[in-house]
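Worksheet: one structure, shown below.
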Amino acid sequence: MNQDLKSRKDIPVELTWDLSLIYASEDEMRQDAEKVKHICERMVKEYKGKLDTAERINACLDDFREVDRLLTLVVHYCDLAVSVDYYDTHNQERNEEIGSMTAEILSRLSFIDNEIAEQDDAVIQEAMALSAENKHYLQNILRTKPHLLHPDTERALAALSRTIHAPYQIYNMAKLADMKFDSFMADGKEYPLGYSLFEDNYMYEENTEVRRNAFAAFSAKIREYENVTAAVYNTQVQTEKTLATLRGFDSVFDSLLFGQKVTRELYDRQIDLITEKLAPHMRRYARLLKKIHKLDRMTFADLKIAVDPEYDPKVTIEESREYVEKGLSILGEDYVKMIQEAYRGRWVDFAQNQGKSTGGFCASPYGKNSFILLSWNERMSNVFTLAHELGHAGHFRSCNSSQSIFDTNVSSYIVEAPSTMNELLMAHYLLKTNPDPRFRRWVLSSMISNTYYHNFVTHLMEAAYQREVYKIVDAGGSVNAETLTRLMKETLQAFWGADVEISDDAAHTWMRQPHYYMGLYSYTYSAGLTVATQACRRIEKEGQCAVDDWKKLLAAGGTLDPVGLAKLAGIDITTDTPLLDTIAYIGEIIDEIEALTDM
């Protein structure tokens, strides 16, 4: 077990987020939990079997919005507590209890969509005309009509929601609670190891022996869990295929893209064009890293090292505030005030502790502030991560304050655009602060190694691999650890070619991402960054009018599909042009990094 990380109880409070911003105490949370149960009871009595007029439909949905609001707060309060400490049994038990309660309430209220769908379209359209708050919810019911099942089946599926989503929970428990990493040796010295220590530190380590030995030790440990992880993932994809078939979709792809309001063409284009057109640029970048660091060979474990590690400045949390405030000030005074409030009000959990979720995320419960999770290790990459998550916070602050709670469910195709936009704005700000060529090379390489690598390579490789998994499942097959390892290895080899050595350890990276338990999510990072890149370039050229258009996208929430949202920002994603322009832009950045290296 890694002794280097503290227990949660030993973490200074100023490094943790403040969940009392949702509820001052657990008792307050439980009062809302009881309140939502009573509303549910009343709704069943008042509305079940009676949703036959536009007025009653809207009255029911008005109550359902309140149920949605309260459940959002209760669920976030409990789930966020677990995410920072998977060793806390009280929080685990409380989260399970609230999860079961939520499933029961949604099961009892599952009659709503079915009864509304049974009405003539004219009645539903009348209800839409009477309520702006419920309009898009009703519009979505019209859209999903062909895929709704018998009311009893819908109720059963809602009641089983915890079970249906169990694979994600099991994956996290194995990864964050059960895996105990031993230390490893490098250069005759012993080093501690843990999930976040590897992903947040050793992946970027300049010392080649430390970096490669850490990757080997880390991979050896996660491989011990490969069969159970594969079984859990197979359960996930088989469940998705079964639900797709039950609901009358031709394929699991159609089912998963339906909720995103995205066509198969947009999905496939994102994967196919990047795999084909970006690979030559990234292979060139890999060769540059090999040359700069005088490596004997280029391995998968070497791909995240910095172009200029000695120039990567250490950044304290307090110093990051100035970077982020100034870097994102182009988005306006209100945006800067939100950033200041985020630091001052403890929206961010900076801590590194045992049992904490890896990576980063932002949760934005309706009517409250956002909560950002990351593990701070004083790297400039943390500043970009924080700017990224604040992009989500700014997005949902805008749409939550502008839209009904029903209209804040933004398609995942577009949801990563505001976050990746902030990374680009940070980089463009930094480029203006210092004319020194070495500094410029460092910023440009940070854009490649952080923003574009993360979203256009790491997550895109996940998406390409994931597509092959779903093809097998769609054809009636199943997957196991051997198959998943082979698919990931083939995916990585196809992208990197002969320029990067893809070992069996590299092939086991399929075990490391939670995104596979979220449907077709991985590809949306590159989709969002494509939109963000084009919008950012507009801002660079056109200034305030482009910023104003971007803010329209942020405020629109889920009132439009991805094509409509991108159009608000002046971008047409129905063509190849934005993606091809973005790939060409990445190539131009790598060109300049090479030129600056040769100076």
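What you see is a predicted model; the values in this text were computed from it and never measured.
- Rounded to the nearest 0.5 angstrom, W550 CH2 and I330 CD1 are separated by 12.5 Å.
- The side-chain hydrogen bond (donor to acceptor under 3.5 Å, both in side chains) test applied to D250 returns no partner, not counting sequence neighbours.
- Cation-pi geometry between R56 and Y47 is not met: the NZ or CZ atom fails to fall both under 6.0 Å from the ring centre and inside 45° of the normal.
- Listed by first then second residue, pairs satisfying ring pair (Phe, Tyr, Trp, His ring centres under 6.0 Å) with a partner in residues 124-157 read Y137-F406, H147-F249, H147-F258, not counting sequence neighbours.
- Judged by distance alone, the side chains of T530 and Q270 do bring a donor and an acceptor atom under 3.5 Å apart.
- Both tests do not hold together for R69 against Y366: distance to the six-membered ring centre under 6.0 Å, angle to the ring axis within 45°.
- Between Y171 and Y516, the gap from one ring centroid to the other reaches at least 6.0 Å.
- Each of L374, L373, D85 was scored for a side-chain contact (heavy atoms from CB on, under 4.5 Å) with K356, with one residue passing: L373.
- Heavy-atom neighbours of E14 CD from other residues, nucleotides or ligands within 6.0 Å: above the threshold of 12.
- Within 6.0 Å of atom NZ in K135, 12 or fewer heavy atoms from other residues, nucleotides or ligands are found, so the atom counts as exposed in its surroundings.
- Side chains of E115 and Q119: no donor on one and acceptor on the other come within 3.5 Å.
- For R321, the side chain to side chain contact (heavy atoms under 4.5 Å, CB included) test picks out E318, E325, Y343, with sequence neighbours left out.
- If you look at H459 and Y521, their ring centroids are not closer than 6.0 Å.
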So K37 and E41, salt bridge (Lys or Arg N to Asp or Glu O under 4.0 Å) or not? Walk me through it. CA-CA 6 Å; K37 288 179 188 176; E41 289 286 343; over 6 Å; no
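- A side-chain donor from one of R65 and N134 sits under 3.5 Å from a side-chain acceptor of the other.
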Evaluate the side-chain contact (heavy atoms from CB on, under 4.5 Å) criterion for residues I39 and L70: first the C-alpha distance (whole Å), next the side-chain angles of each, then the deciding distance (0.1 Å), finally the verdict. CA-CA 10 Å; I39 296 174; L70 292 173; 3.9 Å; yes
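- Put simply, the side chain of H76 gets close to the backbone of T72: a donor and an acceptor are under 3.5 Å apart.
- Partners of Q544 under the side-chain hydrogen bond (donor to acceptor under 3.5 Å, both in side chains) rule, at least two apart in sequence or in another chain, are D548.
- By the side-chain hydrogen bond (donor to acceptor under 3.5 Å, both in side chains) test, Q169 is found to be paired with E96, residues two or more places apart in sequence or in another chain being considered.
- Using a 3.5 Å distance cut-off with no hydrogens or angles, the side chains of S412 and Q260 do pair a donor with an acceptor.
- No donor-acceptor pair under 3.5 Å is formed between the side chain of R143 and the backbone N or O of L138.
- Under the side chain to side chain contact (heavy atoms under 4.5 Å, CB included) criterion, K241 pairs with T245, V252, V473, D474, not counting sequence neighbours.
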Begin from the C-alpha positions of E542 and R537 and carry the test salt bridge (Lys or Arg N to Asp or Glu O under 4.0 Å) through to its verdict. CA-CA 8 Å; E542 301 174 34; R537 299 188 83 181; over 6 Å; no
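- Put simply, the side chain of H165 gets close to the backbone of S161: a donor and an acceptor are under 3.5 Å apart.
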